[in-house]
Amino acid sequence: MTEEDKKLLSTFDGKLQHLLFLYRKLQEENISLRKLLSEKDAEIKETKDALEASAKRYADLKAARIISINDNELRDTRQRLAKLVREVDKCIALLNE
């Protein structure tokens, strides 16, 4: 083996070692990024679950409000009907006199 071949082999070996170092570094970064991705996926799932729960609570509150409005309207309607019945009773009493 000539001196030039040894030099080329040494350069090749150095570059190969550097490539292996970069490969290991990228593997570690890849593992780290995959872990971060799974954490973010879990966070997104929790946020979606919380959003669905909030939407359900909102729908329940909306329904409760509609029911309470209907109860008030029902009470008002009953009061108006009672007033009309009293007026009719007064009219009947006046006619009977």
Side-chain angles (χ1 to χ4, degrees):
M1 200 184 273
T2 65
E3 190 66 35
E4 188 178 325
D5 290 340
K6 288 181 183 179
K7 216 184 224 187
L8 285 172
L9 188 58
S10 175
T11 304
F12 176 75
D13 186 45
K15 289 182 179 183
L16 182 63
Q17 292 299 323
H18 184 68
L19 282 174
L20 288 173
F21 169 76
L22 291 175
Y23 173 74
R24 285 188 214 108
K25 189 175 177 181
L26 285 174
Q27 277 184 325
E28 291 172 5
E29 184 179 356
N30 192 6
I31 290 169
S32 172
L33 289 173
R34 287 180 190 269
K35 182 180 176 184
L36 181 63
L37 180 63
S38 65
E39 289 172 1
K40 294 298 179 183
D41 285 342
E43 187 178 326
I44 288 170
K45 185 183 180 314
E46 288 175 16
T47 304
K48 282 183 180 178
D49 292 343
L51 178 63
E52 287 174 6
S54 294
K56 185 178 181 331
R57 282 195 311 257
Y58 176 71
D60 291 344
L61 285 172
K62 232 167 104 174
R65 187 164 189 259
I66 289 171
I67 290 170
S68 70
I69 288 172
N70 287 340
D71 286 345
N72 288 338
E73 289 175 1
L74 183 63
R75 189 174 346 114
D76 291 342
T77 304
R78 284 183 182 166
Q79 288 173 352
R80 280 185 272 159
L81 282 173
K83 184 178 177 182
L84 286 173
V85 169
R86 284 191 300 271
E87 288 180 19
V88 169
D89 285 341
K90 285 180 187 178
C91 290
I92 291 173
L94 288 173
L95 287 174
N96 285 336
E97 290 180 3

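Any value given below was found using the heavy atoms of this structure, including those in side chains, with hydrogens, waters and symmetry copies removed.
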Electrostatic pair Asp49-Lys45, nearest N-O below 4.0 angstrom: yes
Taking the side chain as C-beta and beyond, is there a heavy-atom pair between Leu26 and Asn30 under 4.5 Å? no
Should Glu39 and Lys35 count as side-chain neighbours, where that means a heavy-atom distance under 4.5 Å? yes
Gap separating the CD1 atom of Ile31 from the CG atom of Leu36, nearest 0.5 angstrom: 14.0 Å
Look at the side chain of Ser32 and the backbone N and O of Glu28, then say whether any donor-acceptor pair between them is shorter than 3.5 Å. no
Test salt bridge (Lys or Arg N to Asp or Glu O under 4.0 Å) applied to Lys56 and Asp60, step by step: CA-CA 6 Å; Lys56 185 178 181 331; Asp60 291 344; 3.4 Å; yes
Distance, nearest 0.5 Å, that separates NZ of Lys40 from CG of Leu33: 12.0 Å
Approximate separation, where rounding is to 0.5 Å, of Leu9 CG and Lys7 NZ: 13.5 Å
For atom CD of Glu4, decide whether the heavy atoms of other residues, nucleotides or ligands shown that lie under 6.0 angstrom number more than 12. no
Note, Thr47 side chain near Leu51 side chain (heavy atom, < 4.5 Å): no
Are Glu29 and Lys25 packed together at the side-chain level, in the sense that at least one heavy-atom pair is separated by less than 4.5 angstrom? no
Should the heavy atoms of other residues, nucleotides or ligands under 6.0 Å from CD of Glu3 be counted, would the total exceed 12? no
